[in-house]
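This report concerns only the one structure given below.
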Amino acid sequence: MGMRWIKHDSLASTNNWLSELLKQKDLHEGTVVIADYQDAGRGLGDHSWVSERGENLLMSMLLFPAFLSAMRQFHLSRVVSLSICDALETLGIEARIKWPNDILTSKGKIAGILIEHSITAGNIAHTIAGIGLNLNQTEFPVFHVPATSLRLESGKGADVASVGELVHTRIWSRYVDLKAGRTAALEREYLDRLYKAGVLTVFYTAEGAFEGTIEGVNDYGELLVRQGKETETFGHGALRMELEFDRP
Ligand code: BTN
């Protein structure tokens, strides 16, 4: 059996490192890898994740959700997104979930999530949930979505390891709920936290712009957007939405 909490000064990517380690040894469910620095941190798609050394939470957590069919993998995204919001709430920050994997405050993006699954015979053999949560960094490069951090939001920083433990505890608690079948509450809370849900919003697709209202996300992780009387589903990458932040 493996360790439960692994800390590194520097790694290419905590997700990659955990995935490689799992090929070499048996690990406990819930094992966490944390790094002070990543030189090849990854985001969704071909995006990278850049973070100053020692300033922010860079963590990956291992789960074995064999009880979940691959089709229902989005439940894990709900669990992780809500857990980050829980942790931020404990730290006094109100956050929202921008589908599919961003955590936003009114000032910008405070965290990103990269969930990677290994699928065997239609079921999830293991999941690596990667989380980048900005804590103490106050200057960021210019991104398409402005970045923010706990310190920029509240004026106060936080100990990276303690926030890691907080996030770990929250993920585990919500994961236990998911395993026990308490999905209705998770879905309701997710919808309550979903950025722009129920609000008329401008969306952009390859065909052009349209106005619609987010109604939720289905079990397959597709966004449900109502336009007039019709509700359409969109996969990740099929649309962008207009984001609004407070002016600095
Ligand atoms: C995104 O916003 O596109 C997702 C960013 C996820 C970044 C985290 S940092 C820890 C873990 N290791 C990685 O290489 N990526 C995730």
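Just follow the structure's listing: the first ligand is 1, and inside any ligand the first atom is 1. For the numbers below, each heavy atom of this structure counts, side chains included, while hydrogens, waters and symmetry mates do not.
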Could you list which atoms of ligand 1 come closer than 4.0 Å to a heavy atom of [X]?
| X | value |
| --- | --- |
| Asn101 | 1 (C), 2 (O), 3 (O), 4 (C) |
| Thr14 | 10 (C), 11 (C), 12 (N) |
| Gly41 | 14 (O) |
| Gly43 | 1 (C), 3 (O), 4 (C), 5 (C) |
| Leu44 | 1 (C), 3 (O), 4 (C) |
| Leu58 | 9 (S) |
| Ser13 | 12 (N), 13 (C), 14 (O) |

Which part of Gln38 is near ligand 1, with near meaning a heavy atom under 4.0 Å away: side chain, backbone, both or neither? side chain
When you look for heavy atoms under 4.0 Å from ligand 1, do you find them on the side chain of Arg42, its backbone, both, or neither? both
So that I can tick it off, tell me whether [Y] and [X] are bridged by a salt bridge, with the cut-off set at under 4.0 angstrom between side-chain N and carboxylate O.
| X | Y | answer |
| --- | --- | --- |
| Asp36 | Lys7 | yes |
| Glu244 | Lys196 | yes |
| Glu29 | Lys179 | yes |
| Arg193 | Glu94 | yes |

Glu211 side chain to Gln227 side chain, donor-acceptor N/O pair below 3.5 angstrom: no
Determine whether any heavy atom of His47 lies closer than 4.0 Å to an atom of ligand 1. no
Name the residue from Asn15, Asn16, Thr14 that meets the side-chain contact (heavy atoms from CB on, under 4.5 Å) definition with Gln38. Thr14
For atom 2 (O) of ligand 1, which protein heavy atom lies nearest, and how many Å away is it? Lys109 NZ, 2.6 Å
Nearest neighbour in protein (non-hydrogen) for atom 5 (C) of ligand 1: Trp49 CE3, 3.4 Å
Looking at Leu114, is its backbone amide N or carbonyl O close enough to the side chain of Asn101 to form a donor-acceptor pair, meaning the two atoms are under 3.5 Å apart? no
Which is closest to atom 4 (C) of ligand 1 by heavy-atom distance: Ile113, Asn15, Asn56, Leu57? Ile113
Using 30° and 60° as the class boundaries, would you call the ring planes of Trp99 and His236 parallel, tilted or perpendicular? perpendicular
Are Tyr190 and Tyr195 an aromatic pair by the rule of ring centers under 6.0 Å? no
